[in-house]
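Computed from a prediction, not measured in an experiment: that's the story for all the values here. Counting starts at 1 for both ligands and their atoms, following the listed order.
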Amino acid sequence: MTTLLEVRGLTKSFGGVRAVDDCSFDVEEGSVTALIGPNGSGKTTAFNMITGYLPADSGSLRFAGTPYRRPDPAKLYRRGLTRTFQQARIFGSLSVRENLIAAAGHRWTALLGPRAARADRARADELLDDFGLSEKADLKAAELSYGQRKLCEFAAVLMAQPRLVLLDEPTAGVNPVMIETMERHVRTRNEQGVTFLIVEHDMPLVMRLCDPVVVLDRGRPIAAGRPADIQADPRVLDAYLGE
Ligand code: ADP
């Protein structure tokens, strides 16, 4: 197994609160790894540091064998590390297709010429078809439902052909059919070689989809392993009961 993401001693305080405290874990290439934990256990803060949205106080990060200290989200994106947000971040005033094309990150399409533009458009249309969004391609993204916005963002982060996708609560607030849809897309992309790190509150989904599961409590990993072992781990039960 190859480690795609290595997190070592990651720490971040806000005033007196240690949101993430000496946190270390690995994401193996090809896995669907879950990061779970009670509310306030540091999952979002860890995500934000890993993806370059927040500087760490200390600790080290390594992606695909290369350390990165002051990560820049755009640079990481180009290297194949991308993410979604709890509240999907898409451009409401652009069409659904334009959102995907923008996410390809080819700022120089004008210079690269019409062939590159056609390739981005073809890839966008292929993804929209996969995600059942073809009929919405020309709609403004603002007109999508909450769940469809999440799907659109998921499709958009795949435009850059990432190696690692971090999903921040992909099924929060979506209906049961959309939960199944999200699950199916994660499985399909994972089979195609994309690695996932997922923050998710839907435990049945985590148990079905993810392996390994890393559990944070007060900013520290307290357990990591197979879903069945995690479910039976008394430290994990304590952490959730104490919530
Ligand atoms: P989780 O995602 O697991 O719910 P968070 O990473 O959001 O946890 O929060 C971890 C802790 O850090 C919480 O105590 C939270 O209140 C605190 N925290 C997070 N972000 C900030 C911030 N920007 N300013 C102050 N405190 C914060």
**Q** State, to 0.1 Å, how close A156 and Y77 come at their nearest heavy-atom pair, and which atoms those are.
**A**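 It is O-OH, 3.8 Å.
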**Q** Counting only heavy atoms on the protein side, is anything nearer than 4.0 Å to atom 21 (C) of ligand 1?
**A**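 At least one protein heavy atom is under 4.0 Å away.
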**Q** Nearest 0.5 Å, what's the CE-OG1 distance between M49 and T44?
**A**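 Going from the CE atom of M49 to the OG1 atom of T44 covers 10.5 Å.
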**Q** Any chance CZ of R218 has more than 12 other-residue heavy atoms, nucleotides or ligands included, within less than 6.0 Å?
**A**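 At most 12 heavy atoms, drawn from other residues, nucleotides or ligands, come within 6.0 Å of this atom.
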**Q** Quick one: look up the protein heavy atom nearest atom 5 (P) of ligand 1 and list residue, atom name and how far away it is.
**A** T45 OG1, 3.7 Å
**Q** Is the NZ or CZ atom of R149 positioned over Y146's six-membered ring, under 6.0 angstrom from the centre and within 45° of the axis?
**A**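 R149 over Y146 ring: no.
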**Q** Tell me, which protein residue and heavy-atom name are nearest atom 3 (O) of ligand 1, and how many Å apart are they?
**A**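 The answer is K43 NZ, 2.8 Å.
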**Q** Could you check whether R83 makes a cation-pi contact with Y53, meaning its NZ or CZ is under 6.0 Å from the centre of the six-membered ring and within 45° of the ring axis?
**A**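 Yes.
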**Q** State, without any angle test, whether E200 and T171 hold a side-chain donor-acceptor pair at a distance under 3.5 Å.
**A** yes
**Q** Tell me the protein heavy atom at minimum distance from atom 2 (O) of ligand 1, and give that distance in Å.
**A** T44 OG1, 2.7 Å
**Q** Could you state the interatomic distance from CD1 (I90) to CG (L144), rounded to the nearest 0.5 Å?
**A**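 I90 CD1 to L144 CG: 5.5 Å, rounded to 0.5 Å.
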**Q** Among all protein heavy atoms, pick the one closest to atom 14 (O) of ligand 1 and tell me residue, atom and distance.
**A**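 Here the closest protein heavy atom is V17 CG1, 3.8 Å.
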**Q** Starting from atom 23 (N) of ligand 1, which protein heavy atom do you reach first, and at what distance in Å?
**A**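 Protein heavy atom at minimum distance: F14 CE2, 3.7 Å.
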**Q** Protein heavy-atom contact under 4.0 Å for atom 18 (N) of ligand 1?
**A** yes
**Q** Considering the heavy atoms of P38, write down every atom of ligand 1 situated less than 4.0 Å from one of them.
**A**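 Ligand 1 atoms under the 4.0 Å threshold to P38: 3 (O).
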**Q** Just wondering, more than 12 heavy atoms not from R226 lying within 6.0 Å of its CZ?
**A** no
**Q** Please identify which atoms of ligand 1 are closer than 4.0 Å to at least one heavy atom of N39.
**A** 4 (O)
**Q** Atom 13 (C) of ligand 1: which protein heavy atom is closest, and how many Å away?
**A**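 Minimum-distance protein heavy atom for atom 13 (C) of ligand 1 reads G40 O, 3.9 Å.
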**Q** State whether the number of non-hydrogen atoms from other residues, nucleotides or ligands found under 6.0 Å of Q192 atom CD is greater than 12.
**A**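 Yes, enclosed.
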**Q** Should you measure from each heavy atom of S41, which atoms of ligand 1 turn up under 4.0 Å away?
**A**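 Ligand 1 atoms under the 4.0 Å threshold to S41: 1 (P), 3 (O), 8 (O).
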**Q** Considering only the protein, which heavy-atom contact is closest to atom 12 (O) of ligand 1, and what is its distance?
**A** A19 CB, 3.2 Å
**Q** Does at least one non-hydrogen atom of G37 fall below 4.0 angstrom from an atom of ligand 1?
**A** no
**Q** For atom 8 (O) of ligand 1, which of the options S13, G16, G42, A46 provides the nearest non-hydrogen atom?
**A** G42
